[in-house]
Amino acid sequence: MSDVELRIEELTKILNDANYSYYVNANSIITDQEYDKYMRELEELEEKYPSYAKEASPTKRVGGEVIDSFKKVYHEKPMLSLSDVFSESEVISFHDRIIKEGICPKYVCELKIDGLSVSLLYKNGLLVRGATRGDGVVGEDITHNVKTIKSIPLKLNQPVDIEVRGEIFMNKKTLEEINVERIKNHEKPLQNTRNAAVGSIRQLDSRIAAKRNLDSFIYHLPNPEDYGIKTHIEALEFMKKLGFKVNPNNRLVNDIHEVLDFIVEKTDTRNQLLYDIDGIVIKVNDLIQQSDLGYTAKYPKWATAYKFPAEEVLTKLTDIIFTVGRTGQITPNAVLDPVIVMGSTISRATLHNEDYVKVKDLRIGDTVSIRKAGDVIPEVVEVKKERRTGLEKEFVMIDKCPICDSVLAKKGEQVDYFCVNDHCSSRKIEGLIHFASRDAMNIEGLGEKIIEDFFNFGFIKEVSDIYLLQSHREDLTRLEGYGEKSITNLIDAIEKSKENSLEKLLFGLGISHVGSKTAKVIASHFHTIDCLMHVGFEELNSIRDIGDVIAKSVVSYFQDEKNICLIQRLKEFGLNMEYLGKKIVQHPFFSGKTFVLTGSLNMYTRDEGKALIESFGGKTVESVSKKTDCVIVGENPGGKYDKAVNLGIKILTEKEFKEMIDSI
């Protein structure tokens with residue numbers, strides 16, 4: 001495995017752990033700036049080495065996981081995140097890329113509120129649903145808590161059907177008042193306004209959220225063309241007239257120089273605001289220009305977010321400990337005297353590898369500067385050597401695995417050390433967590449902490465042991481924190497997972513290079529695991545989207561006797577081994593072509609329309625361009641329809657689309 005591939009795996013784990021901790025547990029374990037740094041590094045590596053890019057990479061995701069105790073909500077239009085920039089030169093580069101597209105834009109500058117993204121849905125002017133962003137496609141229904149926020153109207157000034165998006169946040173003064181009360185009651189104070197807002201909105205009891213005095217700003221209208229709106233600033237004014245709270249600091253500017261002036265002004269005055277912000281959002285104002293610029297897989301090309309520099313504080317490095325990743329990579333970690341950085345208590349920070357520690361000349365006992373880069377990932381910036389007393393201990397890299405005591409080794413010229421024991425316990429835990437995860441077997445209630453507990457107690461050592469937990473039921477209910485009801489729900493979820501389609505199992509097995517999308521491609525092609533287990537390299541490699549690396553990995557996996565035995569055990573436990581989804585039937589009108597759905601569809605939901613197109617070999621995208629083959633229009637199609645007409649792209653009404661589907 002190359003240095004690049006190993007680094008991609010390392011970055012993927014760091015980012016996925018950060019996403020899970022923040023979006024699921026409402027706990028920031030790394031700063032935004034460090035998160036952004038790792039994300040940018042991963043994006044650059046994947047762009048330079050596309051064959052190593054993982055289907056489950058956090059770059060393909062917007063990010064984040066749905067909490068089980070809340071009802072899931074599917075966003076008809078994904079709630080995308082924004083690309084980030086960190087300096088004046090990067091802001092100018094963002095502008096230059098737009099100019100190169102032949103566009104001379106005006107911009108809307110907005111404050112980047114430090115809170116929780118929310119989608120609000122209204123029918124006939126009445127609030128019917130509030131939802132979190134979640135992973136961008138699936139969020140959480142938080143309507144009961146949204147209704148307690150006084151700045152969010154329950155009834156609009158006009159009886160319209162509309163979805164708007166914005167930010168729920170907590171004011172600084174509110175946080176101070178809550179913490180005064182919590183300290184009086186001998187409770188731990190809330191650390192910052194963002195975590196306080198996230199924790200409040202995810203309460204099952206709406207009375208708790210009501211006491212937290214949350215606030216909101218609305219800043220995005222997903223389908224402005226449906227209301228005859230031509231610019232983003234008009235959309236903000238329209239939402240304000242409907243009764244939404246829109247930030248008064250938004251400003252329409254004429255050029256990039258005024259953008260930079262706005263950034264300087266708000267950077268200097270941010271501490272005077274009643275709420276926390278962590279940057280400035282910059283958006284192209286004209287909606288036709290936005291449409292022309294389009295989107296990447298994750299970000300709109302017509303907007304970006306300038307992030308403020310990170311705050312640094314001093315603390316003591318009390319120890320350096322070592323952890324083992326799923327690939328066996330050994331990572332040194334700084335143990336720090338707990339210190340509050342930008343509102344969060346930091347006590348750990350990754351030190352990446354031996355060379356990183358030596359270059360920074362870190363020693364146990366040093367006073368070091370810490371920053372919570374971008375408000376998420378803790379980072380050791382530098383040693384304050386002038387504060388050394390002579391009692392500091394020099395760093396010594398370990399030579400044996402801290403978990404299984406196997407001798408460590410380097411691979412080729414890589415800087416990282418690895419535990420070469422494929423059966424090291426810590427790596428098995430990672431594989432178990434992956435198998436039970438939502439995109440794999442989706443075993444609700446079998447999260448990371450529970451798997452770690454069950455592993456340490458000896459109930460789960462291998463994937464197949466999950467399906468033997470029923471036999472340990474009595475022992476499990478005796479464990480602290482595991483009641484009869486929770487164990488019953490877990491056993492039921494394990495039984496339900498046996499019914500999953502083949503692609504879920506393939507992804508869960510952790511076959512190298514096989515992400516969730518690739519697993520579905522393979523499963524839909526071969527239909528059964530028995531068929532797949534006997535497939536050769538050439539046949540796999542001939543499938544669209546399956547390259548040499550993936551084909552070799554799949555063949556190698558099913559040639560391993562241990563893996564064959566695992567599949568056999570899972571069969572004996574009753575797991576489904578067949579693909580249950582719709583099989584792709586190539587059709588000349590759809591196969592290999594690109595489609596856009598626009599307007600309100602009456603005969604299908606948007607997801608149903610997309611699924612039909614994909615079932616006949618086509619693909620769907622969100623924006624119209626010269627590469628689009630066909631646009632399917634419903635009622636009130638708006639700007640996408642106009643652009644398709646101007647480009648001479650084939651257009652089908654929803655009725656014509658249905659007639660074509662029915663005739664196949």
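None of Arg202, Arg133, Arg129 except one satisfies the salt bridge (Lys or Arg N to Asp or Glu O under 4.0 Å) rule with Glu140; the exception is Arg202.
By the 6.0 Å contact criterion, CD1 on Ile288 is open, its count of non-hydrogen atoms from other residues, nucleotides or ligands being 12 or less. Heavy atoms of other residues, nucleotides or ligands lying less than 6.0 angstrom from CZ of Phe573 number more than 12. Other residues, nucleotides and ligands place no more than 12 heavy atoms under 6.0 Å from the NZ atom of Lys496. Residue-environment remark: CZ (Phe526) exceeds the threshold of 12 foreign heavy atoms within 6.0 Å. When the shell of 6.0 Å around NZ of Lys571 is examined, it contains more than 12 heavy atoms from other residues, nucleotides or ligands. Residue-environment remark: NZ (Lys650) stays at or below the threshold of 12 foreign heavy atoms within 6.0 Å.
Heavy atoms only, all atoms of each residue included: Ser406 and Asn421 are closest at OG-CB, 3.4 Å. A pairwise comparison of heavy atoms in Asn602 and Glu635 identifies ND2-OE2, 2.9 Å as the closest pair. Looking at every heavy atom in both residues, Ile451 comes nearest to Ala436 through CD1-CB, 4.1 Å. Nearest heavy-atom pair across Leu82 and Ala303 is CD2-CB, 3.8 Å. Of all non-hydrogen atoms in Asp548 and Phe537, the two that sit nearest each other are O-CE1, 3.6 Å. Smallest separation of non-hydrogen atoms from Ile632 and Thr653: CG2-O, 4.4 Å.
A heavy-atom distance below 4.5 Å is found between the side chains of Glu462 and Asp465. Contact annotation: the side chain of Lys307 approaches that of Asp36 to within less than 4.5 Å [non-hydrogen atoms, C-beta and beyond]. Side-chain atoms of Val555 and Val535, non-hydrogen and from C-beta on, never get closer than 4.5 Å to each other. Considering only heavy atoms from C-beta on, Leu532 comes within 4.5 Å of Val554 through its side chain. Between Tyr579 and Thr528 there is no side-chain heavy-atom pair separated by less than 4.5 Å. Leu490 has its side chain within reach of Phe454: a pair of non-hydrogen atoms, C-beta onward, lies under 4.5 Å apart.
To the nearest 0.5 Å, atoms CG (Leu601) and CZ (Phe657) are separated by 8.5 Å. A distance of 6.0 Å separates CG of Leu575 from OG of Ser497, quoted to the nearest 0.5 Å. If you take CD1 on Ile450 and CG on Leu432, they are separated by 13.5 Å, rounding to the nearest 0.5 Å. For the atom pair His527 NE2 and Cys531 SG, the distance stands at 8.0 Å (nearest 0.5 Å). Separating the NZ atom in Lys48 from the CD1 atom in Ile8 is a distance of 11.0 Å, to the nearest 0.5 Å. Distance check, rounded to the nearest 0.5 Å: CD1 of Ile460 to OH of Tyr467 gives 10.5 Å.
For Arg40 and Glu43, the salt-bridge test fails: no basic side-chain N is under 4.0 Å from an acidic carboxylate O. Looking at Lys13 and Glu430, a side-chain N of the basic residue comes within less than 4.0 Å of a carboxylate O on the acidic one, giving a salt bridge. Salt-bridge formation is detected for the pair Arg165/Glu163: a Lys NZ or Arg NE/NH1/NH2 atom is positioned less than 4.0 Å from an Asp or Glu carboxylate oxygen. Of the charged side-chain nitrogens involved, none lies within less than 4.0 Å of a carboxylate oxygen, so that Glu225 and Lys640 do not count as a salt-bridged pair. Salt bridge annotation for Asp292-Lys643: present, with a cationic side-chain nitrogen under 4.0 angstrom from a carboxylate oxygen.
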Could you please spell out the steps behind the side chain to side chain contact (heavy atoms under 4.5 Å, CB included) verdict for Ile564 and Met533?
-> CA-CA 9 Å; Ile564 295 173; Met533 290 172 71; 4.1 Å; yes
Run the salt bridge (Lys or Arg N to Asp or Glu O under 4.0 Å) check on Arg569 and Glu572 step by step: do they pass?
-> CA-CA 5 Å; Arg569 287 197 300 273; Glu572 292 170 359; over 6 Å; no
Check against side chain to side chain contact (heavy atoms under 4.5 Å, CB included), Ile14 and Leu42 = CA-CA 11 Å; Ile14 291 171; Leu42 183 57; over 6 Å; no
Apply side chain to side chain contact (heavy atoms under 4.5 Å, CB included) to Asp416 and Ile330, showing your working.
-> CA-CA 7 Å; Asp416 298 303; Ile330 306 298; over 6 Å; no
What's the verdict on side chain to side chain contact (heavy atoms under 4.5 Å, CB included) for Thr605 and Glu76, showing C-alpha distance, side-chain angles and the deciding distance?
-> CA-CA 9 Å; Thr605 66; Glu76 185 171 337; over 6 Å; no
Salt bridge (Lys or Arg N to Asp or Glu O under 4.0 Å) assessment of Glu656 paired with Lys658 | CA-CA 5 Å; Glu656 291 170 333; Lys658 185 177 187 304; over 6 Å; no
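Formation of a donor-acceptor pair under 3.5 Å by the Thr304 side chain with backbone atoms of Ser83 is found in this model. Thr628 contributes no side-chain N or O that, together with a main-chain N or O of Cys630, makes up a donor-acceptor pair within less than 3.5 Å. Between the side chain of Asn563 and the backbone N or O of Tyr557 there is at least one donor-acceptor pair closer than 3.5 Å. With hydrogens and angles disregarded, a donor-acceptor distance shorter than 3.5 Å links the side chain of Asp629 to the backbone of Thr594. Between the Ser556 side chain and the Lys552 main chain, no donor and acceptor come within less than 3.5 Å of each other. Side-chain atoms of Thr598 come within 3.5 Å of backbone N or O of Pro637 as a donor-acceptor pair. Checking side-chain atoms of Glu654 against main-chain N and O of Tyr604 turns up a donor-acceptor pair under 3.5 Å. For the pair Ser553 (side chain) and Ser512 (backbone), a donor-acceptor distance under 3.5 Å is present. Formation of a donor-acceptor pair under 3.5 Å by the His75 side chain with backbone atoms of Lys77 is not found in this model. Remark: the backbone N or O of Tyr417 is not paired with any side-chain donor or acceptor of Gln329 at under 3.5 angstrom.
Judged by distance alone, the side chains of Asn442 and Asn500 never bring a donor and an acceptor atom under 3.5 Å apart. No side-chain N or O of Glu539 forms a donor-acceptor pair with one of His525 less than 3.5 Å apart. Checking Ser2 against Tyr49 by side-chain atom types alone, no donor-acceptor pair falls below 3.5 Å. Using modelled atom types and a 3.5 Å distance limit, the side chains of Asp492 and Asn489 yield no donor-acceptor pair.
Between Tyr38 and His352, the distance separating the two ring centers is shorter than 6.0 angstrom. When ring centroids are compared, Phe595 and Phe590 come within the 6.0 Å threshold.
Under the 6.0 Å distance and 45° angle rule, Lys301 does not count as a cation-pi partner of Tyr299.
Using bins of under 30°, 30° to 60° and over 60° for the plane-to-plane angle, the ring pair Phe616/His587 lands in the perpendicular bin.
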Distance-only criterion, 3.5 Å: show the donor-acceptor pairs between side-chain atoms of residues 501-508 and protein atoms not counting sequence neighbours.
residue	atom	partner	partner atom	Å
Ser501	OG	Glu503	OE1	2.6
Ser501	OG	Leu580	N	2.7
Lys504	NZ	Arg438	O	3.1

